[in-house]
Amino acid sequence: MASEEQCSAPPRWRSISLTHVEYPAGDLTGQVLAFMSLLPIAILVGFVTLIVFKRELHTISFFGGLIMNEGLNWLLKHILQEPRPCGGGHGSVTTEYGMPSSHSQFIWFFVVYFFLFLYLRMHQTNNARCVELLWRHILSIVLLAVALSVSYSRVYLLYHTWSQVIYGGVAGMVMGVVWFFITQEVLTPLFPKIAAWPISEFFLVRDTSLIPNILWFEYTVTRSEARNRQRKLGTKLQ
């Protein structure tokens, strides 16, 4: 059992600043925006899940771009060394520098890259043209609202100034455009060769670049295979 001397001097506890987001007590808006600012963490978890279960080269490239975008943000912060707002007083942050905002740069990279992927890379192969355009536009509006909410949350919660958020957003958008076209023009032609590597075959890494709409393809193939297996099972039972 611990002695009284040991108990009288408890250790200093520190939170993991990556997920420790503070908001004003009793401020419902601040609480909602604090949860919104955690979306980049959820996006990263989603990417890791997709890579583990899908193992698709374009998804891996997208994730690689996000990581490089974060590296650029770290570099810019330590070059510019602009402090965070004085009124924030947050005790748990990854770095004392605030220019540019990493949350803003991350979310705008993700949204811009996703926009380009959605409108330039994906093409519907069935005849539901109106439905296709409708869900694309709805998804785009939702993503835009999410990006604006995440950016605004960093100013509202006094983690960044408006200029830090704006410059972070611009840096993320530029990086998103550049990395999308690098992926399309430079990396995509190499994907078939990469997918043929023995290590790629071992880990079931695949290239779906030539499939216009992977969601529609997987849906039709899965449905066709399920019907074939059901027919075979019904024949055996007779």
**Q** Is there a side-chain contact between L50 and F63, using heavy atoms and a 4.5 Å cut-off?
**A**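 With C-beta onward as the side chain, the pair stays apart.
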**Q** How about L72 and Q105: do any of their side-chain heavy atoms sit closer than 4.5 Å?
**A**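 Yes, side chains in contact.
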**Q** Is there side-chain contact between R206 and H58, with at least one heavy-atom pair below 4.5 Å?
**A**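 The answer is no; the side chains never approach within 4.5 Å.
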**Q** Go through S61 and T183 one step at a time and tell me if the side-chain hydrogen bond (donor to acceptor under 3.5 Å, both in side chains) criterion holds.
**A** CA-CA 7 Å; S61 176; T183 300; 3.0 Å; yes
**Q** Parallel, tilted or perpendicular for F47 and F110, by the 30°/60° rule?
**A**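 Geometry flag for F110 against F47: perpendicular rings.
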**Q** Could you go through the side-chain hydrogen bond (donor to acceptor under 3.5 Å, both in side chains) check for E56 and T208 one step at a time?
**A** CA-CA 7 Å; E56 202 276 322; T208 60; 2.7 Å; yes
**Q** Are the aromatic ring centres of F117 and F180 under 6.0 angstrom apart?
**A**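 No, the ring of F117 stays outside the 6.0 Å limit from the ring of F180, centre to centre.
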**Q** What about V52 and F202, same hydrophobic cluster or not, with Ile/Leu/Val/Met/Phe/Trp/Tyr joined at side-chain heavy-atom distances under 4.5 Å?
**A**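 Same hydrophobic cluster.
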**Q** Count the heavy atoms belonging to other residues, nucleotides or ligands that lie under 6.0 Å from CZ of F62, then report whether that count exceeds 12.
**A**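 Enclosed.
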**Q** Is there a path from V170 to L75 through hydrophobic residues (I, L, V, M, F, W, Y) whose side chains come within less than 4.5 Å of each other?
**A**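 V170 does not cluster with L75.
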**Q** Has L204 got more than 12 heavy atoms of other residues, nucleotides or ligands less than 6.0 Å from its CG?
**A**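 Yes, because the 6.0 Å sphere around CG of L204 holds more than 12 heavy atoms from other groups.
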**Q** Does a side-chain heavy-atom distance below 4.5 Å link Y152 with W162?
**A**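 Side-chain contact under 4.5 Å: yes.
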